[in-house]
Amino acid sequence: MYCCNIFFFTYIVLFYLINAIGGVARNSMRNFAFNSFTKLVYSNKFLTNVVNRKLRKMANEEELALANAGKDENGDSIFGKIARKEMKVDLVYEDDKVMAFNDINPQAPVHILVIPKMRDGLTRLSKAENRHKEILGHLMWAVAEIVRQKDLGDFRLVVNNGPEACQSVYYLHLHILAKRQMKWPPAIYAICSYFN
């Protein structure tokens, strides 16, 4: 257990040092720290249990997505309340058509949700119609603007569409994930997100 505490402390110190360094060196150091931490986890029974708990939580998110499938497609949702400013959020960006805020359950050091202010039937991307072209383009432009304003550099943009894609809120929203080395395929990234 003492060894684990030393490693966690070292990992935290490395994390702050890595964030102070820029560019390619930062990515190389992050990858090294991530790989070292992953090797330790899979060689330690206690840490493997921690990972398994995280994986169970991910399974619960999948179950939630399946349970919520279609429930609020014709009704209200948490994002509707946020768009109407009935709920407070950590607002990152807002204009007359969209708003963006930090996710309360971040999957990366930067995890921002971008939503249209008017739902207008856009419960998921596959429901988009000809009349939605303008707002869809504006959402993409807003993502680029947020990335520029926040100096995020490289990022991943995610749109979950339906229960099999783990969409749990049926109000079109975009996820901006940044400030970490992403993995491919994304499932590997999700499994490993606990460590970064």
Side-chain angles (χ1 to χ4, degrees), residues 8 11-12 14-16 18-19 26-27 29-42 47-69 72 77-79 81-83 87-93 98-116 123-125 139-140 142-196:
F8 279 119
Y11 185 75
I12 290 169
L14 270 177
F15 176 78
Y16 285 107
I18 289 167
N19 284 332
R26 176 175 27 195
N27 283 340
M29 287 184 69
R30 278 185 179 167
N31 287 338
F32 172 75
F34 174 79
N35 291 335
S36 299
F37 191 68
T38 303
K39 287 177 187 173
L40 175 71
V41 164
Y42 289 111
L47 294 177
T48 301
N49 288 334
V50 171
V51 171
N52 287 339
R53 282 195 300 272
K54 178 65 175 179
L55 292 174
R56 280 193 294 275
K57 182 179 179 193
M58 289 170 50
N60 290 342
E61 290 171 9
E62 291 171 16
E63 291 170 8
L64 178 65
L66 290 171
N68 287 342
D72 63 355
S77 73
I78 189 169
F79 292 160
K81 293 174 183 169
I82 291 169
M87 292 184 67
K88 291 192 183 269
V89 291
D90 184 11
L91 199 62
V92 171
Y93 175 85
V98 303
M99 62 191 316
F101 48 91
N102 287 312
D103 194 309
I104 61 170
N105 184 24
Q107 300 300 307
V110 174
H111 187 167
I112 299 170
L113 297 174
V114 185
I115 64 170
T123 55
R124 53 173 109 179
L125 188 57
L139 281 164
M140 297 301 279
V143 166
E145 185 64 19
I146 293 163
V147 168
R148 276 190 294 273
Q149 286 181 7
K150 299 291 180 188
D151 193 27
L152 297 181
D154 295 340
F155 65 97
R156 177 171 285 169
L157 185 63
V158 177
V159 179
N160 298 323
N161 188 86
E164 289 183 20
C166 253
Q167 182 179 5
S168 57
V169 179
Y170 285 85
Y171 189 118
L172 181 67
H173 56 285
L174 311 178
H175 299 259
I176 302 172
L177 302 164
K179 295 295 183 187
R180 63 166 293 149
Q181 177 62 52
M182 302 295 166
K183 304 293 180 190
W184 194 260
I188 292 172
Y189 160 74
I191 291 168
C192 299
S193 67
Y194 180 81
F195 303 109
N196 284 330

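All residue numbers refer to positions in the sequence shown, counting from 1. Both backbone and side-chain heavy atoms feed into the values below; hydrogens, waters and symmetry mates do not.
Contact annotation: the side chain of F79 never approaches that of P116 to less than 4.5 Å [non-hydrogen atoms, C-beta and beyond]. For the pair N102 and V89, the minimum side-chain heavy-atom distance is 4.5 Å or more. The side-chain heavy atoms of Y171 and I82, taken from C-beta on, include no pair separated by under 4.5 Å. Looking at M140 and L157, their side chains come closer than 4.5 Å, going by heavy atoms from C-beta outward.
Not a single donor-acceptor pair under 3.5 Å links the side chain of Q149 to the backbone N or O of V92. Between the side chain of R156 and the main chain of H175, no donor-acceptor pair closer than 3.5 Å is present.
Of all heavy-atom pairs between G153 and V147, the closest is O-CG1, 3.7 Å. Among all heavy-atom pairs drawn from A178 and P109, the shortest one is O-CD, 3.7 Å. Across all their heavy atoms, G162 and Q167 have their closest contact at N-OE1, 2.7 Å. Among all heavy-atom pairs drawn from M99 and L91, the shortest one is CE-CD1, 3.6 Å. Here the closest non-hydrogen pair linking N161 and L125 is OD1-N, 3.1 Å. Residues K179 and V110 share a closest heavy-atom pair of CG-CG2, 3.5 Å.
Atoms OH and CD1, on Y170 and I78 in that order, are 15.5 Å from each other to the nearest 0.5 Å. Note that CE of M87 and CZ of F101 are 9.0 Å apart. Values are rounded to the nearest 0.5 Å. The distance from atom CG of D151 to atom CD1 of I146, rounded to the nearest 0.5 Å, is 14.0 Å. The distance from atom CD1 of I104 to atom NE2 of H111, rounded to the nearest 0.5 Å, is 10.5 Å. I176 contributes atom CD1, which lies 11.5 Å from atom CG of D103 (distance to the nearest 0.5 angstrom). Rounding to the nearest 0.5 Å places CG of L177 at 13.0 Å from CG of D154.
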